[in-house]
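Heads up, the thing below is written out as structure tokens.
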Amino acid sequence: MSTERYDRQLRLWGPEGQRRVSECRVLAFGATPSTCEALKNLILGGIKSFHLVDDALLASPSRPDARARCLSELFEIEIDAEMDSTSTVAEACVKGLARLNPDVGGTWTKSSARGSVNIAESLTQSEGVDVVLVDGWWVGDEYIQELEAWALKRGDVVLATTRACGLFAECKTSANARWVMENVTPEGSVTKDLRLMNPWSELQAYVEMKTSDLDRLDAAAFKHVPFVALLASAAAQCGTSDRRAVKDALTSMRRGLDEENFDEAFANMRYAWTDTGAVTPEIEALTRDRRAIELTAESDKGWFLAAGLREFISSEGCLPLEGSIPDMISTTESYVELQRLYADKANRDACVVWQSAIKRAARVGYIGDLITEQDAKTFCKHCRHVRFMTWRTMADELDPSTSVTSGAATLLKDAISDPSKTVSAFIFAAFRAASAFRGPGGRDPGVEPESVIDSETGLPMSQDAFVSRDAEVLHDHMTRDVLQPRGIKLDQSTAKIADDVLYEYTRYGNGQLNAVGSIIGGIASQEIIKLVTRQYIPMTQRLIYDGVHSTTTLLF
Amino acid sequence: MSRLDVDARPPGAVDVMLKRAGRFTGPDFDPSEDISSVLRAVRVLVVGAGGLGCELLKGLAMSGFGNVDVIDMDTIDVSNLNRQFLFRSEDVGKSKAETAARRTRERVPTCEVTAHHGRIEDKEDGWYRQFDIIALGLDSLEARAYINSVCCGFLEYDEDGNVDPTTIKPLVDGGTEGFKGHARVIVPGMTPCFHCTMWLFPPQTTFPLCTLAETPRSAAHCIEYAKLIQWPAERHGETFDPDVVEHMTWVYKKALKRAETFGIEGVTYSHTQGVTKNIIPAIPSTNAIIAAACVIETLKIATMCAKGMNNYIMYVGTDGVYSHTVEYERDPMCVMCSPGIAHSVSAYATLRDFMSSIVAAHPDSLSEPSVSYRGKNLYLRGVLEDQFVDNLTARMVDLMGGRTEGLVVVNDKKMKKTSMRVRVSLSG
Ligand SMILES: [Zn+2]
């Protein structure tokens, strides 16, 4: 693995994240723009291997759509002299994709969607599978649910599905509920957890040392007293309840108006009261979650850390210290000393949490991954943002009767009546209706058969008439197969929007634009990277991309 | 052979979309089998052949554009290979523009891609005029501002302030940083230009020299000191080149030593590279998402197959997936793209009076202005300056042919290539 090659991404997820990427084996179903563009990004990122499944032949008279696909919509596709008309699109894609990174191996299988779970199972036996990437159109809504159920039973296997038609697309991931702890603090949100209102003893001593002889300091030294010491000293003098008094105390300490350290003290005053290590309702809820209380041998290690955090909070009355400090006017010595003071205290706090967690783990005979001190440090440092995330299953959203009991049907109904989500809700409905339109082995809406004849006149139909006819049938499917079973009725204005979306969907004739594949496959690959590195905050909802209005919307 | 049958590109998704009427199409969209051939004739310039540029070339070629040019002055580096997918290990050191053009042609033989290995500033303004749409895949603010100034320089307005539509050169711009990015469409004269929304770009943080020299507190302080102070002091006459490994190692070692002296942690070779080269983290997925959004907007501008984006979309992938489309507004006073800045002087004002009053009103943009009216120079700096000295004492009303209102164009080296449009009124 070349550090230089991956330098620009190592700066985001570090060597540990990259190690996880480099062990990742991806199984992809459907050689479509969306899956191939997602694969492209993963291969460039340095995954271990990929396996592509598709049964379309390079030259297939019975599947002209497949031929158009490989010639017009797929970029990384390579056809060499040994390949002939019986070779598959999957093979040509794998050859093209493998060029992107010599570290990554690619293989393929010629199979239809029907055999998906069997392929996943046998590949797991032979090489192993960590990620399943699915083109929703190619696999179909029914087999996706089977694949998802298979993946979730495998524990750590994650599934990502994409589907595109013209300027519309969707993406959803599935994974077992999991903790996210690393790189979860929003970028740019510098912590102000300085504890100036309630300093611990070492910080108190530091403040006293830096401010006791303030009057005798020469001008240069005076201007380099860190604002942390100035602010804490002012607060210690006049109590923490009266901000006005603290401000006045600071002002009276000044000698002139050109002391930048005092400017910093004033600028940071409000944080001294807002960020005090107080326990937020989110953390309260997380540490009091049933799973953090009823720990078992099989509990996720995050719950032991959450229990440790609960114990810390109940004895200290506040959160563990975050531990980093912002840059500030100071001499090098005073700054480095202060930095160490905060880091040491944060380490001590995290250690208390860790001890409590491993004590509990031992008590219940915990059998999972080792709970390390580093885990506790990461957990405590980001404890304001760590969370336990859950995903809806595909069946919750796709299966009409399950969606009623899971509440997804209501959410769809709400989205339809929310003007900012109406179009996206109908894009979701259009994808489902299109599956019903197609049926087994059938034609997709808007895809022209050999000839299109008007049954009344016996003449070839115009494009407009043909699209209108298919759009009407699609509309019937949406009403009958998608909306009615979910108990959704449309009013006049939403019905008009539905009509437009379905017409537009049909207009695209199931065309899969390479650029839309880049967007939706790009989003899928980004989510896969986050899940595989176990860093950043993954998307748990279904994303709808509307390229007409250039928007993304989260449903459910 | 890269295709089974290269001369016949079968109709793909774009062709189907273009031959059918839709419910969300833009103004004057006229569906026909023929639009695809129109699309092939549209000339697009891609500026930058890096992470976004590679994606733009692929996306444009796959969308049916058949006449694309690409300009970039850079050569390929190993650290590009994690996302600049048109390049391979064996291409390291070669021209980005040329390699990207060749690979795109190999994959999509129906697209003619012409490479220009060189600086954007070295091309004449007129060279940019030949393109219908310009797509930007850049990582620097300066380069964006440059292309923006060139395109805004093409704009012509009538005296009522209406833009001549034939002088508009649409720009599509993308930018990424890690998991975040933006895409925007700029129709100069109609939607905000770069200059209108300059505030979107935060100023770069620079460290005060006294901090670096006397009170360093972070690894970055030590690295900057090694580069800015120690390098020129100890390596006389040599220019620090971040691409030379020996130079980078030297700065790294000096910074590390300094950090150890002060008890500062965190100086690594990688961090030294990051600070001295101002490295922005970059991943293929974000580039793919942003560039494809730009490609789709380019396709909309060229065909009106759907309404265009208005006019800026931001994308954030660190916390779930979040995108937001914002309609930014033009700065009516923008010196780059506005029809003109209203400025009134006395009815008796001379050209000299006008010049000093306009400089006083816009000291940030002007110091030594040249002035023209209706394509005729009233005052020109430089070698020909002597010819115009007499005009300085002439009255504006006379120079403007007796009119008391008019559009005067002011140039100044402070504004580089852009002109300031001034709607002058002579009052009182
Ligand atoms: Zn402007």
* Asked: In terms of heavy-atom pairs under 4.5 Å, which option from B:Ile283, B:Thr318, B:Val16, B:Leu81 contacts chain A the most?
  -> B:Thr318
* Per-residue contact mode, A:Val467 against chain B (heavy atom under 4.5 angstrom) -> side chain
* Structure fact -> Answer key: most heavy-atom pairs under 4.5 Å with chain B among A:Thr506, A:Ile43, A:Ile329 is A:Ile329
* To do: Between chain B and each of A:Gly511, A:Ser518, A:Pro102, count heavy-atom pairs under 4.5 Å; write down the option with the most.
  => A:Ser518
* **Ring centers of B:Phe179, A:Tyr536 separated by less than 6.0 Å** => yes
* Top residue by heavy-atom pair count (under 4.5 Å) with chain A, among B:Thr325, B:Val295, B:Ile296? -> B:Ile296
* Applying side chain to side chain donor-acceptor pair (under 3.5 Å), run through B:Asp173 and B:Tyr312 and close with a yes or a no. => CA-CA 9 Å; B:Asp173 169 62; B:Tyr312 186 105; over 6 Å; no
* **Heavy-atom pair count under 4.5 Å with chain B, highest-scoring of A:Ile529, A:Thr332, A:Ile523, A:Thr553** => A:Thr332
* Sort A:Asp499 into side chain, backbone, both or neither according to what part of it lies under 4.5 angstrom from a heavy atom of chain B. => both
* Asked: Between A:Leu42 and chain B, which part of the residue has a heavy atom less than 4.5 Å away: side chain, backbone, both or neither?
  -> neither
* **Per-residue contact mode, A:Gln9 against chain B (heavy atom under 4.5 angstrom)** => both
* chain A contact via B:Gln84 - which portion, at a heavy-atom distance below 4.5 Å -> neither
* **chain B contact via A:Lys95 - which portion, at a heavy-atom distance below 4.5 Å** => neither
* Asked: When only pairs under 4.5 Å are counted, which of A:Gly45, A:Cys171, A:Gly446 shares the most heavy-atom pairs with chain B?
  -> A:Gly446
* Asked: Do you know which of B:Gly263, B:Ala293, B:Ser270 has the most heavy-atom pairs with chain A at a distance under 4.5 angstrom?
  -> B:Ser270
* Check whether A:Asp7 gets within reach of chain B through its side chain, its backbone, both or neither, counting any heavy atom under 4.5 Å. => side chain
* Answer yes or no: is there a side-chain heavy-atom contact under 4.5 Å between A:Glu76 and A:Leu100? => yes
* **Contact leader toward chain B among A:Met389, A:Glu527, A:Arg99, A:His549, where contacts are heavy-atom pairs under 4.5 Å** => A:Arg99
* Minimum heavy-atom separation for B:Met17 to B:Cys305, with atom names? -> CE-SG, 3.8 Å
* Asked: Between A:Glu448 and A:Gln463, do the side chains contain an N or O donor and an N or O acceptor separated by less than 3.5 Å?
  -> yes
* Classify the ring geometry between A:Phe168 and B:Phe24 as parallel (under 30°), tilted (30 to 60°) or perpendicular (over 60°). => perpendicular
* To do: Just give me the residue among B:Pro216, B:Ala306, B:Gly59 that pairs up with chain A most often, heavy atom to heavy atom, under 4.5 Å.
  => B:Pro216
* To do: For B:Tyr315 and B:His182, run ring pair (Phe, Tyr, Trp, His ring centres under 6.0 Å): C-alpha distance rounded to whole Å, both residues' side-chain angles, the deciding distance at 0.1 Å, then the answer.
  => CA-CA 6 Å; B:Tyr315 174 90; B:His182 78 263; over 10 Å; no
* To do: Determine, step by step, whether B:Asn287 and B:Thr176 satisfy the side chain to side chain donor-acceptor pair (under 3.5 Å) criterion, reporting the C-alpha distance in whole Å, the side-chain angles of both residues, the deciding distance to 0.1 Å, and the verdict.
  => CA-CA 6 Å; B:Asn287 282 324; B:Thr176 70; 3.0 Å; yes
* **Contact origin within A:Val501 toward chain B - heavy atom pairs under 4.5 Å** => both
* **Max heavy-atom pair count under 4.5 Å with chain B, selected residue of A:Ile520, A:Leu543, A:Asp327** => A:Asp327
* Name the member of B:Ala292, B:Gly178, B:Gly308 that forms the most heavy-atom pairs with chain A at distances under 4.5 Å. => B:Ala292
* To do: Tell me, for A:Val516 versus chain B, whether the close heavy atoms (under 4.5 Å) come from the side chain, the backbone, both or neither.
  => both
* To do: Measure A:Glu37 against the heavy atoms of chain B and call it side chain, backbone, both or neither at under 4.5 Å.
  => side chain
* **Which portion of A:Glu333 sits near chain B, non-hydrogen atoms under 4.5 angstrom** => neither
* Asked: For B:Arg88, is it the side chain, the backbone, both, or neither that has a heavy atom closer than 4.5 Å to a heavy atom of chain A?
  -> side chain
* Can you name the closest pair of heavy atoms from B:Leu57 and B:Val46 and give their distance? -> CD2-CG2, 4.0 Å
* Which one, B:Lys19, B:Lys180, B:Met309, leads in non-hydrogen pairs under 4.5 Å with chain A? -> B:Lys19
* Asked: Which atoms of A:Tyr508 come close to chain B, meaning under 4.5 Å heavy atom to heavy atom: side chain ones, backbone ones, both, or neither?
  -> both
* Side chain, backbone, both or neither: which part of A:Met328 has an atom under 4.5 Å from a heavy atom of chain B? -> backbone
* To do: Let me know if B:His324 has heavy atoms under 4.5 Å from chain A in its side chain, its backbone, both or neither.
  => neither
* To do: Determine, for A:Glu337 against A:Arg340, whether the closest basic-nitrogen to carboxylate-oxygen distance falls under 4.0 angstrom.
  => no
